[in-house]
S.K.: 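This is the structure I have questions about; it appears just below.
The chains referred to below are lettered A, B, ... by the order of the sequence lines, with proteins before strands, and numbering in each begins at 1. Quantities reported herein were computed from a predicted structural model and do not represent experimental measurements.
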Amino acid sequence: MAKRFWLVKSEPGVYSIDDLERDGVTAWSGVRNYQARNFMRDDMRVGDTVLFYASGDEPGITGLAEVCKTAYPDETAFKKGHESFDAKSNRENPTWFNVDIKFVRQLAARLELSTLKKTPGLERMMVTQKGSRLSVQPVRPEEWEIIAKLAK
DNA sequence: GCCAACGTTGGC
DNA sequence: GCCAACGTTGGC
């Protein structure tokens with residue numbers, strides 16, 4: 001399988017690229033959307049590149065990460081009282097999965113959503129579509145090529 | 001603060 | 001199985 005490219009969203013107040021740099025590796029847990037789960041569980045492989053996207057007041061790509069562990073059951077779903085707890089998931093037949101990602105680098109400057117929207121070739125990116133809420137998204141290789149140039 | 005988009009829930 | 005109501009996301 002050829003290397004793939006992904007985009008994951010996070011609100012900086014919840015988990016930022018600074019947090020990822022500090023942690024080095026983090027479990028991308030707490031995703032409670034089936035489509036996003038399926039991408040993590042079925043398609044993300046070790047070594048895939050991850051664009052780290054910040055939603056909120058200043059939306060844009062803030063850094064790069066890499067998948068460093070393929071999907072395994074999301075522990076936060078089993079923790080009563082945890083905000084991501086899901087009574088419907090259990091260890092025998094888990095509903096939710098997450099991968100681990102590791103910090104690669106921050107971008108020198110945040111690659112703003114407004115820039116992405118204006119850049120030829122990125123019109124089809126999910127993140128540039130109005131109303132796109134998916135928190136784990138595939139990125140096409142040709143889109144990655146464009147973004148890699150912008151992210152120098 | 002507003003609102004469009006979208007996913008989920010629940011009544012039928 | 002349908003679909004209206006509701007809650008959440010997230011850009012503006």
S.K.: So L134(A), base contact, sugar-phosphate only, or nothing? Heavy-atom distance under 4.0 Å.
M.R.: nothing
S.K.: I want to verify a distance call: between dG11(C), dT9(B), dC6(B), whose nearest atom is closest to the R133(A) side chain?
M.R.: dC6(B)
S.K.: Once you round it to whole Å, what is the distance between P of dT9(C) and CD of Q129(A)?
M.R.: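 From Q129(A) CD to dT9(C) P: 21 Å.
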S.K.: Measure from OH on Y34(A) to C1' on dG7(B) and round the result to the nearest Å.
M.R.: 11 Å
S.K.: Decide if atom CZ of R124(A) counts as having more than 12 heavy atoms of other residues, nucleotides or ligands within a radius under 6.0 Å.
M.R.: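 No, not enclosed.
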S.K.: Using atom CE of M125(A) as one end and atom P of dG11(C) as the other, report the distance to the nearest whole Å.
M.R.: 13 Å
S.K.: Just wondering, do W6(A) and D43(A) contact through their side chains at under 4.5 Å, heavy atoms?
M.R.: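 They are in contact (side-chain heavy atoms under 4.5 Å apart), so the answer is yes.
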S.K.: Taking NZ, NE, NH1 and NH2 as the nitrogens, is one of them in R91(A) or E75(A) under 4.0 Å from a carboxylate oxygen of the other?
M.R.: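 Result for this pair is yes, salt bridge flagged.
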S.K.: Just how far, in rounded Å, is P of dT9(C) from CZ of R32(A)?
M.R.: 12 Å
S.K.: Taking atom C1' of dC3(B) as reference, at what distance in whole Å does atom NZ of K130(A) sit?
M.R.: 9 Å
S.K.: For K9(A) and dG11(C), what is the distance between atoms NZ and P respectively, to the nearest whole Å?
M.R.: 6 Å
S.K.: Given atom OH of Y53(A) and atom P of dG10(C), what is their separation to the nearest angstrom?
M.R.: 8 Å
S.K.: Are R4(A) and P138(A) side-chain neighbours, meaning at least one heavy-atom pair lies under 4.5 Å?
M.R.: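 Contact flag for R4(A)/P138(A) side chains = no.
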S.K.: Compare the minimum distances between each of dT8(C), dC12(C), dT9(B) and the side chain of K117(A), then state the nucleotide with the smallest one.
M.R.: dC12(C)
S.K.: What is the distance from CD of Q137(A) to P of dA5(B), rounded to the nearest Å?
M.R.: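 In whole Å, dA5(B) P and Q137(A) CD are 17 Å from each other.
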